[in-house]
Engineer: 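Dropping the structure in here first, questions after.
Numbers restart at 1 for each chain; the letters A, B, ... are given by sequence-line order, proteins then strands.
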Protein chains: 2
Amino acid sequence: MAARKSSSTVIELASANPGTERLLGELRRRIVCHELPPGARLREQDLANEFGVSRARIRETFGILEERGLIERIPNRGAIVTRLEADKVKELFEVREVLEAQMVRLATEKAPPETWDALIELFGPSMDETLARNDFDAYAEANYQFRRQCIAAADNEVLSNLLDSLYDRTQVLIRRLVLVPGRAQEGIRQHRGILAAMRAGQAEEAERLKRANIRDARDWFTNYQKYLL
Amino acid sequence: MAARKSSSTVIELASANPGTERLLGELRRRIVCHELPPGARLREQDLANEFGVSRARIRETFGILEERGLIERIPNRGAIVTRLEADKVKELFEVREVLEAQMVRLATEKAPPETWDALIELFGPSMDETLARNDFDAYAEANYQFRRQCIAAADNEVLSNLLDSLYDRTQVLIRRLVLVPGRAQEGIRQHRGILAAMRAGQAEEAERLKRANIRDARDWFTNYQKYLL
DNA sequence: GGCGGCAATATTGTCAACAATTTTGACAGC
DNA sequence: GCTGTCAAAATTGTTGACAATATTGCCGCC
């Protein structure tokens, strides 16, 4: 189960400035993969030293991270990585449910049907063996490819940014959820259905199935909450 | 048609710091109501002088405004208010469509039916007279109330923040769209239908109607684009 | 008159120092 | 031993100054 550097969502948006980009991207990465766990304190001077920049730039970066919901700042007390409460996770799922469904719908409407053949192959029978080997990295990578290609086909920057932001906040949970016995198999099964609808150009059906898929993920999460949070 | 200070969306989130809150809130207000029109240049020193703070705080505020999509920053060239292109508007509508529909669904599911009686009264026959008088402020205020009460009932902070952010970016367009002959009447009609479904506890039907409502608004916008942008 | 180069000005990018506030740790009293 | 008090240290909040870059205005030249 070699660590793969897959699934790194990238949000371009904020200032093309190369230095700021590196700083923001690296902090985002550490938070998203729990290298900086929820509740971890972020000291401005420490980070300034490590990245070789002044505290002013750290503070500006903190502003953006807070806006994205990745950290929380308390006046005069500093910044900590946002803790994920169970109800906040529920809220995130309620929003993902409709946004990912819309992503699939738009992708189906805007891209030619053969676009999805590669993904159908990726989610094909070979994926069953992959899962049988407990190769969760390969499974996560497949899900990542699905997201990326849908986002690209949906051709909607606003939607793309929102989904990336939501994904950042739930990425760790999703990776843990995959470990629950049976969840990955069910996820595969559902994605095959979604892709079949997309291949057939049935945008509305694909949207409905994707929505059901996220709702189901939320239900699994609720059931295994105590193991996942 | 006295100017009313209604419809000011408030995003609490960012740093409870009172000074920053004032700065961010005021800049947001000026951008949203086009007191600072799209393309307007924002000079750091000018704003620093006006608000009596240092440029560092202006810059941190700029980072947040850029993250919200309200301004764009070009390295070494400064910040300008984001211009709304026609395709960006289309993207915003594609996202609003599903988020507002979900808002209505969740509100219907989570709040008791009698919650909506006040809004049903507000959108009742008296609103026809209001529109006959071309009192668009009162109409905008009613729409604002609908939003606020749904948001409150939906009880989902993530959704609330996203909707506020989207609304900030389209607020001016919506206010202009109301001027198009017939649009306001149609909006009222559709909201009566949505509220009826909500009162009856038909969450799914309310969601469907709200979605159709936003799609319709998008279509009107497309048709009258040249007058609105 | 129009155009390119060049200096003067204006604006943004970065930083290090100082002030205000919170946290830490030592110490006396019960 | 526990607790409250107070000074020391650490951390955040804020600022003004300096460097780098872009814009503006001037002047000679074609």
Engineer: My understanding is that only residues two or more places apart in sequence, or in another chain, count here; which of them pass side chain to side chain donor-acceptor pair (under 3.5 Å) with A/Glu72?
Structural biologist: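 Here no residue qualifies.
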Engineer: The criterion is salt bridge (Lys or Arg N to Asp or Glu O under 4.0 Å); which residues satisfy it with B/Glu186, sequence neighbours excluded?
Structural biologist: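 Salt bridge (Lys or Arg N to Asp or Glu O under 4.0 Å) list for B/Glu186, sorted by chain: B/Arg189.
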Engineer: How many whole angstroms separate atom CD of B/Gln45 from atom C1' of C/dT9?
Structural biologist: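 Value for this atom pair: 14 Å.
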Engineer: Distance-only check: which donor-acceptor pairs under 3.5 Å involve side-chain atoms of residues 220-229 of chain B, not counting sequence neighbours?
Structural biologist:
unit_1: B/Trp220; atom_1: NE1; unit_2: B/Asp216; atom_2: OD2; d: 3.4
unit_1: B/Thr222; atom_1: OG1; unit_2: B/Arg218; atom_2: O; d: 2.9
unit_1: B/Asn223; atom_1: ND2; unit_2: B/Asp219; atom_2: O; d: 3.4

Engineer: Specify the separation, in whole Å, of atom CZ of A/Arg41 and atom P of C/dT24.
Structural biologist: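 Checked: the CZ to P distance equals 8 Å.
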Engineer: Take atom CG of B/Asp46 and atom P of C/dT11, then tell me their distance rounded to the nearest Å.
Structural biologist: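 Those two atoms, CG and P, are 7 Å apart.
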Engineer: Over all strands shown, is A/Ile58 touching base, sugar-phosphate only, or nothing at heavy-atom distances under 4.0 angstrom?
Structural biologist: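 Nothing: the residue A/Ile58, judged by heavy atoms under 4.0 Å, touches no strand.
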Engineer: Show me, pair by pair, the donor-acceptor contacts under 3.5 angstrom made by side chains of residues 95-110 of chain A, not counting sequence neighbours?
Structural biologist:
unit_1: A/Arg96; atom_1: NE; unit_2: A/Glu100; atom_2: OE2; d: 2.9
unit_1: A/Arg96; atom_1: NH2; unit_2: A/Glu100; atom_2: OE2; d: 2.8
unit_1: A/Glu97; atom_1: OE2; unit_2: A/Arg211; atom_2: NE; d: 2.7
unit_1: A/Glu97; atom_1: OE2; unit_2: A/Arg211; atom_2: NH2; d: 3.1
unit_1: A/Glu97; atom_1: OE2; unit_2: A/Arg215; atom_2: NH1; d: 2.7
unit_1: A/Glu100; atom_1: OE1; unit_2: A/Lys210; atom_2: NZ; d: 3.4
unit_1: A/Glu100; atom_1: OE2; unit_2: A/Arg147; atom_2: NH1; d: 3.3
unit_1: A/Gln102; atom_1: OE1; unit_2: B/Arg211; atom_2: NH2; d: 3.2
unit_1: A/Gln102; atom_1: NE2; unit_2: B/Glu94; atom_2: O; d: 2.7
unit_1: A/Arg105; atom_1: NE; unit_2: A/Glu109; atom_2: OE2; d: 3.1
unit_1: A/Arg105; atom_1: NH1; unit_2: A/Glu207; atom_2: OE1; d: 2.3
unit_1: A/Thr108; atom_1: OG1; unit_2: A/Val104; atom_2: O; d: 2.8
unit_1: A/Lys110; atom_1: NZ; unit_2: A/Ala154; atom_2: O; d: 3.1
unit_1: A/Lys110; atom_1: NZ; unit_2: B/Glu94; atom_2: OE2; d: 3.4

Engineer: Measure from CD on A/Glu44 to P on C/dT21 and round the result to the nearest Å.
Structural biologist: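 It is 16 Å, rounded to the nearest whole Å.
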Engineer: Could you tell me the separation between the CZ atom of B/Arg77 and the P atom of C/dT12, rounded to a whole number of Å?
Structural biologist: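 Roughly 11 Å, once rounded to whole Å.
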Engineer: Under the rule for salt bridge (Lys or Arg N to Asp or Glu O under 4.0 Å), what residues qualify as partners of A/Arg55, not counting sequence neighbours?
Structural biologist: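 Per chain and number, A/Arg55 pairs via salt bridge (Lys or Arg N to Asp or Glu O under 4.0 Å) with A/Glu44.
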Engineer: Reading nucleotides 15-20 of chain C from the 5' end, what letters show protein touch, with B for base, S for backbone sugar-phosphate only, - for no heavy atom under 4.0 Å?
Structural biologist: B-B---
Engineer: I need the A/Thr170 OG1 to A/Leu177 CG distance, nearest 0.5 Å.
Structural biologist: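 Reported value, rounded in 0.5 Å steps: 10.5 Å.
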Engineer: In whole angstrom, give the distance that lies between atom CD of B/Glu60 and atom C1' of D/dT14.
Structural biologist: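 One finds 11 Å between C1' of D/dT14 and CD of B/Glu60, rounded.
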